[in-house]
Amino acid sequence: MTVGHVLEAGVFQSRDTVALARALLGKLLVAGEAGGTVRALRICEVEAYHGEADLACHASKGRTARTEVMYAAGGVWYVYLCYGIHEMLNLVTGPAGQPSAVLIRGLEGITGPGRLTRALGITRRFNAQPAAPATGLWLEDDGFRLTRAAVQATPRIGVDYAGEWAEKPWRFYYTPANG
DNA sequence: TACTCGATCGGA
DNA sequence: CCGATCGAGTAA
């Protein structure tokens, strides 16, 4: 059961993670339980984390057990625990070997990276799983389009430790028409 | 093995 | 403003 068309992994393998982040705005995050409910919510806030040089990116520590998934080809999920409490949902992007990801920070009706995963029941069990209907968590395009003017860009949240990288305007969001 | 701190949130 | 809560990363 889909609303639009499913976005395939290849769509997320461009080297331009910042552009991919922006392009994810307005797409649908779809969570489905086997033989049960399917929820589709529009993505309204994201952040790009790009490469080992980006000090705000977990891959700035290089390859570790946790960051290994970021080195995969785009199209799989990177889910990790933050502050011991919150599950954070990221989509791995770029070609294999280039560690990068887009953090899903807000959906229409559910703002906040920790809140949206809690609301949809998303946990680390999705880590390294493909974004596809078969895994129960995927992305769709239903034709919704944003004007260039509707998209705001700001520095990323909570990465003040990252020096000059904290200043990059790699957070993108739009204000939903309907609150 | 000890220690620090975080891509956050909710309550005081 | 502050406490919750725990695993990754680092140093030793």
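The chains referred to below are lettered A, B, ... by the order of the sequence lines, with proteins before strands, and numbering in each begins at 1.
- With a 4.5 Å cut-off on side-chain heavy atoms, A/Tyr80 and A/Asn90 count as touching.
- A/Phe172 has its CZ atom 19 Å from the P atom of B/dA7, to the nearest Å.
- Whole-Å rounding puts the A/Tyr161 OH to C/dG9 P distance at 12 Å.
- Atom CG of A/Leu120 sits about 5.0 Å away from atom CZ of A/Arg39, to the nearest 0.5 Å.
- Between the side chain of A/Arg105 and the backbone N or O of A/Gly114, no donor-acceptor pair lies under 3.5 Å.
- Residue-environment remark: CZ (A/Arg125) exceeds the threshold of 12 foreign heavy atoms within 6.0 Å.
- Between A/Arg124 and A/His86, the residue anchored closer to the 5' end of DNA chain C is A/His86, taking for each the nucleotide with the nearest heavy atom.
- Rounded to an integer number of Å, the gap from CG of A/Asp160 to P of B/dT8 is 10 Å.
- DNA chain C contains the following stems of three or more consecutive Watson-Crick or G-U pairs, with both distances under 3.5 Å: B:1-6 with C:6-11, B:8-11 with C:1-4.
- A/Asn90 places its CG atom 14 Å from the C1' atom of B/dG6, with the value rounded to the nearest Å.
- Following rounding to the nearest Å, A/Met88 (CE) and B/dC5 (C1') show an atom-to-atom distance of 15 Å.
- Listed pair A/Arg118 / B/dC9 fails the phosphate criterion, with no side-chain N or O lying under 4.0 Å from OP1 or OP2.
- If you take CG of A/Asp54 and C1' of B/dA7, they are 10 Å apart, rounded to a whole angstrom.
- Residues A/Pro113 and A/Met88 are in side-chain contact: their nearest non-hydrogen atoms beyond the backbone lie under 4.5 Å apart.
- Backbone-only engagement by A/Ile157 is indicated by non-hydrogen atom pairs under 4.0 Å involving sugar-phosphate atoms exclusively.
- Counting only distance, with no hydrogens or angles, the side chain of A/Trp170 and the backbone of A/His50 share no donor-acceptor pair below 3.5 Å.
- Between the CD atom of A/Glu87 and the C1' atom of C/dT5 there is a distance of 12 Å, given to the nearest Å.
- Between A/Met70 and A/Cys57, some side-chain heavy-atom pair lies under the 4.5 Å cut-off.
- Comparing C/dG7, B/dG6, C/dT5 against the side chain of A/Ile85 picks out C/dT5 as the nearest.
- Comparing C/dC6, B/dT8, B/dG10 against the side chain of A/Leu81 picks out C/dC6 as the nearest.
- Taking a cutoff of 4.0 Å between a charged side-chain nitrogen and a carboxylate oxygen, A/Arg156 and A/Asp160 do not qualify as a salt bridge.
- OP1 or OP2 of C/dG7 has not a single side-chain nitrogen or oxygen of A/Tyr83 nearer than 4.0 Å.
- For the pair A/Trp165 (side chain) and A/Ala53 (backbone), a donor-acceptor distance under 3.5 Å is present.
- Rounding to whole angstrom units, CG of residue A/Asn127 and C1' of C/dG7 are separated by 13 Å.
- No hydrogens or angles were tested; on distance alone, nothing pairs the side chain of A/Tyr80 with the base of C/dA8 as donor and acceptor under 3.5 Å.
- Side-chain atoms of A/Tyr49 lie closest to B/dA7 of the nucleotides B/dG10, B/dT8, B/dA7.
- Residues of residues 56-72 of chain A that place a heavy atom closer than 4.0 Å to DNA chain C, in numerical order, are A/Lys61, A/Thr64, A/Arg66, A/Thr67.
- The CG atom of A/Asn127 sits 10.5 Å away from the CZ atom of A/Arg66 when rounded to the nearest 0.5 Å.
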